[in-house]
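In what follows, a structure is listed as structure tokens, so that the remarks can point back to it.
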Amino acid sequence: MADKRDYYEVLGIQKGASEDEIKKAYRKMAKKYHPDLHPGDAEAEANFKEVNEAYSVLSDADKKARYDQYGHAGVDPNMGGGGFGGGFGGFDFGDIGDIFGSFFGGGTSSRRSRNAPQRGQDIEVELTISFEESAFGCKKDVTFKKIEKCSDCNGSGAQKGTSAETCSTCHGTGQVNVTQRTPFGVMQSSRVCDACRGTGKIIKTPCTNCNGKGYVRVSKTIEVSVPQGIADGQRISLRGLGDDGRNGGPTGDLIIYINVRPHRIFERGGNNLYCEVPITFTEAALGATIKVPTLEEDAEFVIPEGTQNGTTFRLRGKGMPSVHNPKNKGDIEFTVAIEVPRNLDSKQKELLREFAGACGEKHYQKKKKFFDKKKK
């Protein structure tokens, strides 16, 4: 018994592992050492036998309990532990057959899946539009490549006037049976037929247009309506314009990802637009009616007297339309930036000095209060 490895170690799991964990570990290790993958490798064959022995114990609740309590002695028939009967009498070969079938594509379910209707792949493309086009909507031509059923053979892959024949190797099943000798005796499994690649049919005269594939890649150009208010990174899904399905399956979709070029003035946040509007020192001090840019024509807005630099104002309903309800528009928020005059002549400078003198006492008191606060 000393030369036997711990069954948990063999499967690479911890003691106390759940049934799912044990089965998952077994699948992994059995696949790793399966004789089909290592023909003639005696070491792999020994490892495969060891893995199956470990699983036959740990997958059985009674045997696992005895093994956890007494170790190998609890399940060894020579030690009175019940063991495996005739080699592996207590092992469920139906289970192992299902597992090996999932590894090597065996069984009729594999053929059914190959010949079952399959949905076509989605096609993804990118479309770049201007900021204004995203605001007002537009129509754009989009070119893409898709896989569609060959028009010459209607997807059969056979030249016009001919048809596919039933595969003589697998007799139309798409599967062939393989008999192999294993440490447990002779085992049968099934795999995909190499002659027809699982389709059950042989094309002797392939279609010259699609080379027997039944499908061709073609270039398409369609006109796409881009809705108002669409944002950068959003997408448009057009159902049924992707790759054609197989075996009567549905067609995939065409998915268009939108890239919106930046605007020279505005930045977008949700459906609101943000920008900066310059005003003069006089407009800020005395108040004025200024023009504010919008996506259509400039709008008039009254700036109150005494407006400070960095003050933000709002134009209601002048922003981006909602992509779901174009009548519902966001706002434009603009921040005023007071421009300080440059290159003043002597007369202008003198007038500013007079203005500063006229405001002198009041501005002096404000500055004094500010610095007093700063000291505190």
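The figures here come from the full heavy-atom set of this structure, side chains too, leaving out hydrogens, waters and symmetry mates.
Salt bridge D62/R66: absent, no basic N to carboxylate O contact under 4.0 Å.
No side-chain N or O of Y7 forms a donor-acceptor pair with one of D68 less than 3.5 Å apart.
Of all the heavy atoms in L11 and L58, the pair that sits closest is CD1-CD1, 3.9 Å. Residues T335 and G310 come closest through the heavy atom pair CG2-O, 3.4 Å. Minimum interatomic distance between E21 and A17 (heavy atoms only, all atoms of both residues): OE1-CA, 3.2 Å.
Applying the side chain to side chain donor-acceptor pair (under 3.5 Å) test to T221 and every residue at least two apart in sequence or in another chain returns T143. Residues satisfying the side chain to side chain donor-acceptor pair (under 3.5 Å) test with R268, not counting sequence neighbours, are N271. Under the rule for a side chain to side chain donor-acceptor pair (under 3.5 Å), T162 has no partner lying at least two apart in sequence or in another chain. Looking at residues two or more places apart in sequence or on another chain, you find a side chain to side chain donor-acceptor pair (under 3.5 Å) between S225 and K139. Residues passing the side chain to side chain contact (heavy atoms under 4.5 Å, CB included) test with D152, sequence neighbours excluded: C150, K160, C207, N209.
A donor-acceptor pair is defined here as one N or O able to donate and one able to accept, closer than 3.5 Å; no such pair exists between the side chain of D243 and the backbone of K146. A donor-acceptor pair under 3.5 Å is formed between the side chain of Q159 and the backbone N or O of T208. A distance-only check finds a donor-acceptor pair linking the side chain of D345 to the backbone of K347 [under 3.5 Å]. Here the side chain of N309 pairs a donor or acceptor atom with the backbone of I338 at under 3.5 angstrom. Between the side chain of D122 and the backbone N or O of G252, no donor-acceptor pair lies under 3.5 Å. Although no hydrogens or angles enter the test, the distance criterion places no donor-acceptor pair under 3.5 Å between the side chain of D253 and the main chain of S237. Q308 contributes a side-chain N or O that, together with a main-chain N or O of G306, makes up a donor-acceptor pair within less than 3.5 Å.
Residue pairs meeting the ring-ring contact (aromatic ring centres under 6.0 Å, His included) criterion with at least one member in residues 125-152, sequence neighbours excluded: F131-H263.
Contact check for F48 versus N52: side-chain heavy atoms found under the 4.5 Å cut-off. With contacts defined as side-chain heavy-atom distances shorter than 4.5 Å, the pair P293/F334 does not qualify.
One hydrophobic cluster holds both I129 and L273 under the rule that ILVMFWY side chains link at heavy-atom gaps under 4.5 Å.
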